[in-house]
Amino acid sequence: MFKRENGPFLSRCLHGWRVRIGRDPRHVRPGTVILFPVTRATLPCGLSGIITIKPKTSEQPPGDAITPSSLFDRIRGKDLRSLLAESTPPEGYLGGSICCILLMR
């Protein structure tokens, strides 16, 4: 369990992070550790019901935001026809795996 001599270690680990209890992860700033997060219409179980971490940095800088239309523009022309014609390499099919991952979000 928590011992008094672990205090400095925890302080170093959490330096620069905000710690909140019982907050909605959508309404906190990046760089926040939330203990017992409150989520609407979701009953988390296990560790996700105890702690949630909102990363310090966003995935995309605000000026370089990726929109669904820009992803579809990347995908357009990288279809099965271009793959079979060998004008698109296999790893570039449908814009590559990163486009597919971003579309699933």
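Residues: numbered from 1 along the sequence shown.
Atom OG1 in T39 sits 10.0 Å away from atom CD1 in I34 (nearest 0.5 Å).
Within 6.0 Å of CD in E91 there are more than 12 heavy atoms belonging to other residues, nucleotides or ligands.
Applying the salt bridge (charged side-chain N to carboxylate O under 4.0 Å, His left out) definition to pairs two or more places apart or across chains, those involving residues 22-44 are D24-R26.
In this structure, P25 and P37 approach most closely via the heavy-atom pair CG-CB, 4.1 Å.
Linking ILVMFWY residues whenever their side-chain heavy atoms come closer than 4.5 Å, directly or via other members, leaves I53 and V38 in distinct clusters. Hydrophobic clustering, with ILVMFWY side chains joined whenever heavy atoms are under 4.5 angstrom apart, groups W17 together with I50.
Taking 4.5 Å as the limit, every side-chain heavy atom of T32 sits out of range of all side-chain heavy atoms of V19.
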Residue pair I51, V33: steps toward the side-chain contact (heavy atoms from CB on, under 4.5 Å) verdict: CA-CA 7 Å; I51 187 168; V33 176; 3.7 Å; yes
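One N or O on the side chain of S87 and one on the backbone of S82 form a donor-acceptor pair closer than 3.5 Å.
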